[in-house]
Amino acid sequence: MADAKRIVFLGPPNSGKGTQAVRLAAALGIPAISTGEMLRSAVAAGTPLGHRVSDVMDRGELVSDDLMAEVVKARLAEDDAKVGFLLDGYPRTLPQVETLDSILESIGASIDHVVMIDAPEPVLVERALGRGRKDDTEDVVKIRLEEYRSKTEPLVGHYRGLGLLREIDGHQSMDAVQQAILDAVKDQ
Ligand code: AMP
């Protein structure tokens with residue numbers, strides 16, 4: 001597992017990937033970087049970034065690739081990301097894949113694993129509505145899923161083609177999902 005240091009988490013909203021990202025990052029001693037969390041903190045703190053993204057996020061749509069590139073470039077340049085990182089929620093579009101590739105290329109690094117957690121759509125919707133977050137009304141849940149299917153799902157084939165994809169069944173207990181992920185990224 002020594003070299004499993006740069007990991008991307010892919011998956012639809014409410015696949016459980018946020019929880020699993022934090023657990024795996026802790027196990028590997030690398031920072032879990034959730035772009036969704038970063039943006040939510042920016043909104044909560046009322047920063048200029050927060051003001052720019054809050055309406056788009058409330059609608060369940062994706063923030064622009066250019067703005068996300070700025071956010072991610074700055075975050076990956078921080079000291080703690082030198083030992084590696086787990087990116088949860090980025091990249092989410094094919095242009096974002098290119099941005100990440102160019103950031104990694106500039107530091108002579110590459111992605112070790114892309115962990116894809118999925119679950120049947122009715123399970124995702126039920127979990128979303130059970131969560132009761134401000135942005136989780138039924139319409140917004142639908143839009144978030146549509147954004148995922150149209151813009152993010154194409155990344156699955158891309159990373160599969162590169163031999164980086166590790167597919168995990170997210171419709172199991174949290175501990176079972178965690179074990180499946182650990183197995184998938186060990187002894188790469
Ligand atoms: P998440 O918690 O990952 O579901 O992200 C919450 C929201 O933040 C998303 O619905 C988007 O509006 C925005 N967001 C997070 N990451 C990205 C990204 N990589 N590209 C575009 N928008 C993002």
Side-chain angles (χ1 to χ4, degrees), residues 6-25 31-78 81 85-104 111 114-119 121 123-156 158-159 164-165 168 170 174 177 181:
R6 291 189 186 83
I7 297 174
V8 165
F9 263 39
L10 260 186
N14 299 295
S15 59
K17 73 183 168 55
T19 307
Q20 296 297 339
V22 170
R23 288 187 181 193
L24 180 65
I33 300 175
S34 157
T35 47
E37 283 299 329
M38 289 174 73
L39 298 177
R40 275 190 290 279
S41 309
V43 172
T47 67
L49 171 66
H51 288 294
R52 287 175 73 182
V53 301
S54 97
D55 286 350
V56 176
M57 289 179 74
D58 282 348
R59 289 198 296 270
E61 295 167 8
L62 293 184
V63 172
S64 78
D65 291 333
D66 287 349
L67 192 48
M68 290 312 300
E70 282 178 39
V71 169
V72 167
K73 266 182 204 159
R75 181 63 187 86
L76 293 185
E78 284 179 32
F85 50 77
L86 190 161
L87 270 176
D88 168 20
Y90 191 95
R92 232 154 153 133
T93 65
L94 288 167
Q96 292 182 12
V97 168
E98 282 175 34
T99 298
L100 179 59
D101 282 349
S102 81
I103 295 172
L104 291 175
I111 296 170
V114 175
V115 174
M116 158 79 189
I117 308 178
D118 209 350
E121 189 140 334
V123 173
L124 300 173
V125 172
E126 197 186 298
R127 284 183 185 169
L129 297 176
R131 247 158 86 155
R133 225 165 57 189
K134 169 173 162 265
D135 61 351
D136 285 348
T137 64
E138 205 161 342
D139 281 350
V140 172
V141 165
K142 241 189 234 161
I143 292 169
R144 281 160 57 81
L145 264 170
E146 275 164 23
E147 288 279 77
Y148 175 78
R149 298 284 177 225
S150 64
K151 296 178 184 160
T152 308
E153 218 161 52
L155 276 56
V156 173
H158 172 76
Y159 285 125
L164 293 174
L165 196 72
I168 306 291
M174 288 218 265
V177 174
I181 295 170

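Whatever order the structure lists them in is the order used to number ligands and atoms, beginning at 1. From a predicted model like this one, the values you see are computed outputs, not experimental measurements.
Applying the salt bridge (charged side-chain N to carboxylate O under 4.0 Å, His left out) criterion to Glu61, with sequence neighbours excluded, gives Arg59.
At least one N or O atom of Arg144, backbone or side chain, sits closer than 3.5 Å to an N or O atom of ligand 1. Below 3.5 Å of separation, one finds an N or O of Val63 facing an N or O of ligand 1.
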Going through the distances and angles, do Met116 and Lys17 end up as a side-chain contact (heavy atoms from CB on, under 4.5 Å)? CA-CA 8 Å; Met116 158 79 189; Lys17 73 183 168 55; over 6 Å; no
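Comparing Arg92, Met68, Met57 against atom 4 (O) of ligand 1, the shortest heavy-atom distance belongs to Arg92. When Thr35, Asn14, Leu62, Leu67 are ranked by how near their heavy atoms come to atom 16 (N) of ligand 1, first place goes to Thr35.
Less than 4.0 angstrom separates some heavy atom of Leu39 from each of these atoms of ligand 1: 8 (O), 13 (C), 14 (N), 15 (C). Counting atoms of ligand 1 from 1 in the listed order, those under 4.0 Å from a heavy atom of Gln96 are 18 (C), 19 (N), 20 (N), 21 (C).
For the pair Leu104 and Arg6, the tightest heavy-atom approach, listed with the atom from each and the gap, is CD2-CD, 3.9 Å. When all heavy atoms of Leu49 and Ala42 are compared, the closest pair comes out as CD2-CB, 3.9 Å.
Between Arg40 and ligand 1 there is a heavy-atom distance shorter than 4.0 Å.
Salt-bridge formation is not detected for the pair Glu147/Arg144: no Lys NZ or Arg NE/NH1/NH2 atom is positioned less than 4.0 Å from an Asp or Glu carboxylate oxygen. For Arg149 and Glu146, the salt-bridge test fails: no basic side-chain N is under 4.0 Å from an acidic carboxylate O.
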